[in-house]
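Working notes, structure below.
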Amino acid sequence: MGNPFKILLIFSRDMSLIKAIAGTLKSKRFWLWQVSGAMIYSVPVAIRFFSGTVMIPLLNFPGFWIGHFIPGNFLEKLLINAFFPGGAGGVTGEIFVSKYKSQLISGKTKYQARLGGALLQTAIWAFFQYWGYSLLILGPWSSGTTGGNIFEHAVVFPINFFLASISIFTPDILNFIKFWIKKKFNKQQN
């Protein structure tokens, strides 16, 4: 038999982990970021399906691949990945660590938690994309056997992880914009 205090310590740590997971799943902010992020992610997907073309004129910048890793729709990837999976994962990481520590986190700890969450959620999303790509499901824009898979190829995964690492600042940027709009709106009312 092991030391009962060690077993109790392990169990209490697991309870903190379980409470943190449950607290994260109960958070309205978690669901707001996950659902709205997935909706934002789905907009270009829907445009592609309804238009029957891969290129979305406003978001197709630079319009050509740079090497094998930076796609022609880099602007789209930058804007979309700021919210999902990177931004949503970052918020999830922040909420989880706050619940685990039972206190609001700030500074370096907050950004480390966001980075961990963003990278974890991007890894899960990359696994889903990789699995989906292997199924060879072609979209309406496909030209026979030459491409047209609705899922991303693995060559863009590195850029997705880079974008996830900078998406940890998305909540701060949105809070700044929200504060700025409120300030302007309050000035106009006075």
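Within a 6.0 Å sphere centred on CZ of Phe157, heavy atoms belonging to other residues, nucleotides or ligands number more than 12. Around the CG atom of Leu104, the shell of radius 6.0 Å holds no more than 12 heavy atoms that belong to other residues, nucleotides or ligands.
Phe127 and Phe162 are assigned to two separate hydrophobic clusters, defined by single-linkage of ILVMFWY side chains at heavy-atom distances under 4.5 Å. Cluster annotation: Leu135 is connected to Trp125 through the hydrophobic network of ILVMFWY side chains, with a link wherever side-chain heavy atoms come within less than 4.5 Å. Linking ILVMFWY residues whenever their side-chain heavy atoms come closer than 4.5 Å, directly or via other members, leaves Leu32 and Ile168 in distinct clusters. If you chain together hydrophobic residues whose side chains sit under 4.5 Å apart, Val45 and Met55 never meet in one group. Cluster annotation: Leu115 and Leu120 are assigned to distinct hydrophobic clusters (Ile/Leu/Val/Met/Phe/Trp/Tyr, side-chain heavy-atom contacts under 4.5 Å, transitive).
Nearest approach of Thr24 to Ala20, heavy atoms of both residues: OG1-O, 2.7 Å. Nearest heavy-atom pair across Leu25 and Trp31 is O-NE1, 2.5 Å. Counting all heavy atoms, side chain and backbone alike, Phe74 lies closest to Ile70 at CD1-CG2, 3.8 Å. The two residues Leu136 and Asn149 make their nearest non-hydrogen contact at CA-ND2, 3.7 Å. Considering all non-hydrogen atoms of both residues, Tyr130 and Ala154 come closest at CD1-CB, 4.2 Å. Residues Ala118 and Ala164 approach most closely at CB-O, 3.5 Å, considering heavy atoms.
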Listing, residues 86-98 side-chain donor-acceptor contacts under 3.5 Å, not counting sequence neighbours, or none:
residue : atom : partner : partner atom : Å
Thr92   : OG1  : Gln34   : NE2          : 2.9
Thr92   : OG1  : Ala88   : O            : 2.8
Glu94   : OE1  : Arg29   : NH2          : 3.4
Glu94   : OE1  : Arg114  : NE           : 2.8
Glu94   : OE1  : Arg114  : NH2          : 3.1
Glu94   : OE2  : Arg29   : NH1          : 3.4
Ser98   : OG   : Glu94   : O            : 3.1

Side-chain donor-acceptor pairs of residues 175-185 under 3.5 Å, sequence neighbours excluded:
residue : atom : partner : partner atom : Å
Asn175  : ND2  : Pro171  : O            : 3.3

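Looking at heavy atoms from C-beta onward, Pro85 lies out of side-chain contact with Ile124 at the 4.5 angstrom threshold. Two residues are said to be in side-chain contact when any heavy atoms from C-beta on lie closer than 4.5 Å; Trp131 and Phe151 fail this criterion. With a 4.5 Å cut-off on side-chain heavy atoms, Leu78 and Ile166 count as touching. A 4.5 Å side-chain heavy-atom check between Tyr111 and Asp172 finds at least one atom pair inside the cut-off. Taking the side chain as every heavy atom from C-beta outward, Ile47 and Glu76 never approach each other to under 4.5 Å. Considering only heavy atoms from C-beta on, Met39 stays 4.5 Å or farther from Val43 through its side chain. Within the 4.5 Å cutoff, the side chain of Leu59 has no heavy atoms near those of the Asn73 side chain.
Judged purely by atom type and a 3.5 angstrom limit, Glu152 has no side-chain atom pairing as donor or acceptor with the backbone of Gln129.
Atom CD1 of residue Ile40 and atom CG of residue Asn81 lie 11.5 Å apart, to the nearest 0.5 angstrom. For the atom pair Thr122 OG1 and Asn160 CG, the distance stands at 7.0 Å (nearest 0.5 Å). A distance of 9.0 Å separates CD of Gln112 from CD1 of Ile105, quoted to the nearest 0.5 Å. The distance from the CZ atom of Phe83 to the CH2 atom of Trp33 is 6.0 Å, given to the nearest 0.5 Å.
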